[in-house]
Every structure is written in C-alpha cells, then in structure tokens.
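First comes the structure, then the notes that go with it.
The first residue of the sequence shown is numbered 1, and numbering continues consecutively from there. When reading the values below, keep in mind they use all heavy atoms of this one structure, side chains included, and skip hydrogens, waters and symmetry mates. From a predicted model like this one, the values you see are computed outputs, not experimental measurements.
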Amino acid sequence: MNQAKQAEISSGTFVNSNNPSSRSLKRILIVTSVEAEQEAVIRGLNGAEGFNVLVGGVGAVCAAASTARTLAATAYDVVICAGIAGGFKEKADIASVVVADEILAADLGAETSDGFLSLDELGFGSARIPVDITLAKRVAEALRIAGLPTHTGSILTVSTVTGRAETATAIASRIVGATAEAMEGYGVATAAQQFEIPVLEIRTISNPVGPRDRSAWRIKEALEALEKVSSVLVEVLR
C-alpha cells in the first residue's frame with residue numbers, strides 16, 4: 001500500500017471515485033511537504049472522514065507533481081497546502097497562523113539591471129494564484145474564534161529559503177502583503193488550478209524570515225499549532 005493511501009485511510013475514508021456527484025461526503029486533500037507536518041495534521045483531524053493527507057515533497061516541483069498525480073486518481077472538493085513556514089517581521093509571529101489570501105511564486109521571473117521582473121511583468125503567465133477567498137476568510141475567522149493568532153496575507157513560494165536580513169527586507173519591499181514564506185504552495189496551487197479545484201494555503205510560523213538562526217526556530221511549537229489548525233478545519237470543512 002502506498003504512502004498516500006495509508007495516510008488517507010488513517011485520517012478518513014478512502015473513496016475511489018472521480019465523479020463528485022456520486023459522493024455525499026466532501027473530499028479534502030491536504031498536502032504537506034514532510035512527514036512531521038503530515039503527522040501533526042493527522043493528529044488534529046483525529047480520524048475525521050473525508051480527508052487525505054499527502055506528503056508531497058519539498059519544493060514546488062515535487063509538490064505539484066505529487067498533487068497532480070493524486071488529483072488525477074481521486075476527485076476532491078478542496079485542496080489545501082499546509083505546513084510550517086517562516087514569517088515576515090511584524091506580519092506573523094512564531095506559532096501564529098497565516099491563511100493565504102494569495103499564493104505567489106516570489107522568485108519566478110528574471111533578474112535585470114533595473115531589478116526583479118516577475119513572470120507577470122515578463123508576459124509569460126502569472127506567478128500569482130488566487131485562493132478561494134470566501135473559504136479562506138471563513139477558515140481564518142474560525143481559527144481566531146478557536147483562540148489561534150491568525151493573519152491573512154500573501155504566502156510566498158520560493159526555491160531558495162531566505163537566509164539574509166537584506167533579502168528579507170528586499171522581498172517585503174517588493175511584494176506588498178508578503179506575510180509568510182515556504183516552498184510548496186505555488187506548486188500545489190498550480191495542480192489544483194489545472195483540475196479547477198478550489199485551493200487554500202495555511203501555514204504555522206516556526207521562525208522569522210531572515211538570517212538562519214537555528215536557536216530561534218520553534219518547530220515544535222509550529223507543529224503543535226498546525227495540529228490545532230487541523231482540528232478546526234474538521235469543523236469548518238465538514
């Protein structure tokens with residue numbers, strides 16, 4: 001039995017159907033990058049039916065391929081990219097939650113003598129993928145009611161995690177609304193978009209975006225917050 005199906009059975013009821021009209025139970029695919037995130041999500045779901053928790057791999061390419069393969073095999077109503085992330089200074093504190101109001105590939109574009117040009121500015125497509133904003137607002141409000149410090153804003157997807165204060169400042173200046181930084185959201189969202197399925201990205205903050213100071217990382221606290229987020233999702237998405 002493959003890893004994706006094992007996770008699905010452990011967190012919900014497996015439904016092998018590509019016809020949404022034949023299902024009465026809403027199906028939600030949650031994509032994480034690593035097993036520690038998957039385990040936190042599954043703990044929070046506590047056996048709730050209708051959820052499949054997939055380890056999609058690190059980086060947008062792996063996440064997109066894993067998500068697309070899963071969506072091609074089974075019908076889903078919502079796709080969520082979930083995990084831990086870095087938070088931008090004064091936008092998202094450690095152990096807080098960020099619900100994306102936009103998923104953005106921050107480094108997809110070209111470097112020029114006049115600065116960075118995004119994919120949109122180059123005219124080759126878009127580095128921005130919209131989320132289901134109504135659902136995102138509903139999830140964010142439910143998280144706040146549950147007592148979780150929750151922010152909304154752009155969650156950036158990068159190929160290279162920011163490791164310098166100067167880079168963090170430059171990104172925050174270039175992208176208005178940048179709130180968190182991770183590596184998979186744009187890939188997951190691209191796959192969901194191809195299948196015309198609503199997508200969300202939800203991140204809990206383990207560290208500030210900037211210099212790689214391991215002593216400042218709070219991965220345990222971020223995973224605990226991710227578990228709490230997942231328990232709230234059960235109530236919101238039933």
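With values rounded to the nearest 0.5 angstrom, L54 atom CG is found 4.5 Å from T70 atom OG1. The line from CD of E35 to CD1 of I42 is 9.5 Å long, rounded to the nearest 0.5 Å. To the nearest 0.5 Å, atoms CD (E90) and OG1 (T179) are separated by 12.5 Å. The OG1 atom of T204 lies 10.5 Å from the CD1 atom of I219; values are rounded to the nearest 0.5 Å.
With S66 contributing its side chain and C62 its backbone, the two residues share a donor-acceptor pair below 3.5 Å. Proximity of a side-chain donor or acceptor of R212 to a complementary backbone N or O of G163 within less than 3.5 Å is not detected. Judged by distance alone, the side chain of R218 and the main-chain N or O of A95 form no donor-acceptor pair under 3.5 Å. The main-chain N or O of A106 is found under 3.5 Å from a side-chain atom of R174 such that the two form a donor-acceptor pair.
The nearest pair of heavy atoms linking D120 to A127 is OD1-N, 3.0 Å. The nearest pair of heavy atoms linking V55 to S33 is CG1-O, 3.4 Å. Residues A192 and V199 share a closest heavy-atom pair of CB-CB, 3.9 Å. The two residues I30 and A82 make their nearest non-hydrogen contact at CG2-CB, 3.8 Å. Residues A191 and L71 come closest through the heavy atom pair O-CD1, 3.9 Å. Summarising the geometry of I205 relative to A92, their closest heavy-atom pair is CG1-CB, 3.9 Å, with the distance given to 0.1 Å.
In terms of the side-chain contact (heavy atoms from CB on, under 4.5 Å) criterion, residue partners of Q193 (sequence neighbours excluded) are, by chain and number, I129, P130. A search for salt bridge (charged side-chain N to carboxylate O under 4.0 Å, His left out) contacts involving K220 returns E224, not counting sequence neighbours. Partners of E141 according to the side-chain hydrogen bond (donor to acceptor under 3.5 Å, both in side chains) rule, which considers only residues two or more places apart in sequence or in another chain, do not exist here. Scored by the salt bridge (charged side-chain N to carboxylate O under 4.0 Å, His left out) test, E181 finds no partners at all (sequence neighbours excluded). Listed by chain and number, the residues in a side-chain hydrogen bond (donor to acceptor under 3.5 Å, both in side chains) with S118 are E121 (sequence neighbours excluded). Partners of S113 by side-chain hydrogen bond (donor to acceptor under 3.5 Å, both in side chains), not counting sequence neighbours: none found. Among residues two or more places apart in sequence or in another chain, the side-chain contact (heavy atoms from CB on, under 4.5 Å) test is passed with T160 by none. With sequence neighbours excluded, the residues satisfying side-chain hydrogen bond (donor to acceptor under 3.5 Å, both in side chains) with D213 are S215.
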Could you pull out all donor-acceptor pairs under 3.5 Å where a side-chain atom in residues 225-234 meets a protein atom, sequence neighbours excluded?
unit_1	atom_1	unit_2	atom_2	d
E227	OE1	R43	NE	3.0
S230	OG	L226	O	2.9
S231	OG	K228	O	2.6

What pairs of donor and acceptor atoms, side-chain ones from residues 166-173 against any protein atom, are under 3.5 angstrom apart with sequence neighbours left out?
unit_1	atom_1	unit_2	atom_2	d
T167	OG1	R164	NH1	3.3
T169	OG1	A165	O	3.0
S173	OG	T169	O	2.8

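The salt bridge (Lys or Arg N to Asp or Glu O under 4.0 Å) pairs that include a residue from residues 92-109 are E102-R128, where partners are two or more places apart or lie in different chains.
Under a hydrophobic clustering in which Ile, Leu, Val, Met, Phe, Trp and Tyr are joined whenever their side-chain heavy atoms come within less than 4.5 Å, directly or via other members, W217 and V158 fall into different clusters. Under the 4.5 Å side-chain contact rule for hydrophobic residues, L143 and F51 share a cluster. Hydrophobic clustering (side-chain heavy atoms under 4.5 Å, transitive across Ile, Leu, Val, Met, Phe, Trp, Tyr) groups I202 together with L237. Taking hydrophobic clusters as Ile, Leu, Val, Met, Phe, Trp and Tyr residues chained together by side-chain heavy-atom distances below 4.5 Å, Y186 shares a cluster with I133. Residue V97 is grouped with residue L135 when hydrophobic side chains (ILVMFWY) are merged at heavy-atom distances under 4.5 angstrom, including chains of intermediate members.
K89 is not listed as a side-chain neighbour of V209, based on a closest heavy-atom distance of 4.5 Å or more. At least one side-chain heavy atom of P208 sits under 4.5 Å from a side-chain heavy atom of I94. With a 4.5 Å cut-off on side-chain heavy atoms, R203 and E37 count as touching. Taking the side chain as every heavy atom from C-beta outward, V58 and M183 approach each other to under 4.5 Å. By the 4.5 Å heavy-atom criterion applied to side chains, N52 and Y76 are counted as neighbours. In this structure, L156 and F88 have side chains that are in contact, with non-hydrogen atoms separated by less than 4.5 Å. Side-chain atoms of D132 and V78, non-hydrogen and from C-beta on, never get closer than 4.5 Å to each other.
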Going through the checks in order, is the side-chain contact (heavy atoms from CB on, under 4.5 Å) test met by V131 and E201?
CA-CA 8 Å; V131 301; E201 184 170 8; 5.6 Å; no
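In this structure, F116 shares a hydrophobic cluster with no other residue, the cluster being traced through Ile, Leu, Val, Met, Phe, Trp and Tyr side chains under 4.5 angstrom apart.
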